[in-house]
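Here's the structure, in structure tokens; my notes come after.
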Amino acid sequence: GRTAIEIKAAGSFGDDSEKYERYKAIADERKLAYLYVTRQETHEPYRRQTLRVFGEDSAFFLSDTHSWEKFINAVRSTNGL
């Protein structure tokens with residue numbers, strides 16, 4: 001399996017959902033898993049949008065308990081490890 005990962009230091013700046021929806025469509029066309037990881041997202045509407053675009057199993061906020069472990073497990077899983 002192959003995985004594309006969007007890495008952000010501090011979450012979204014503005015409404016990035018349309019951009020990420022386009023990127024996700026490209027990843028889907030190429031049969032790539034598309035994961036999103038950020039240190040934190042403090043603006044709740046942006047957090048909800050990120051979860052909507054990527055899905056609960058593909059968006060990871062490292063400020064959340066066990067999120068790093070869940071992210072690593074997702075990378076391993078999407079790559080058959």
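The line from CD of Q49 to NE2 of H43 is 7.5 Å long, rounded to the nearest 0.5 Å. How far OG1 of T38 is from CD1 of I7: 10.0 Å, rounded to the nearest 0.5 Å.
At a threshold of 4.5 Å between non-hydrogen side-chain atoms, the residues R52 and E21 count as touching.
Cluster annotation: Y36 is not connected to I26 through the hydrophobic network of ILVMFWY side chains, with a link wherever side-chain heavy atoms come within less than 4.5 Å. A single hydrophobic cluster is not seen to contain both W68 and F61; linkage of ILVMFWY side chains at heavy-atom distances under 4.5 Å, directly or through other members, places them apart. Put simply, F60 and V75 are part of the same group of oily side chains (I, L, V, M, F, W, Y) that touch within less than 4.5 Å, one to the next.
Listed here is the closest heavy atom pair of S58 and Y34: CB-O, 3.7 Å. Of all non-hydrogen atoms in D57 and A74, the two that sit nearest each other are O-CB, 4.3 Å. Closest approach of F71 to L35, counting heavy atoms only: CE1-CD1, 4.2 Å. In terms of heavy-atom proximity, T78 sits nearest to T3 at OG1-OG1, 2.7 Å.
Among residue pairs with one or both ends in residues 58-71, those qualifying as salt bridge (Lys or Arg N to Asp or Glu O under 4.0 Å) are R47-D64; sequence neighbours excluded.
Within a 6.0 Å sphere centred on CD of E18, other residues, nucleotides and ligands contribute 12 heavy atoms or fewer.
Ring pair Y23/Y20 is perpendicular by interplanar angle, where above 60° counts as perpendicular and below 30° as parallel.
Without hydrogens or angle criteria, R30 side chain to R2 main chain gives no donor-acceptor distance under 3.5 Å.
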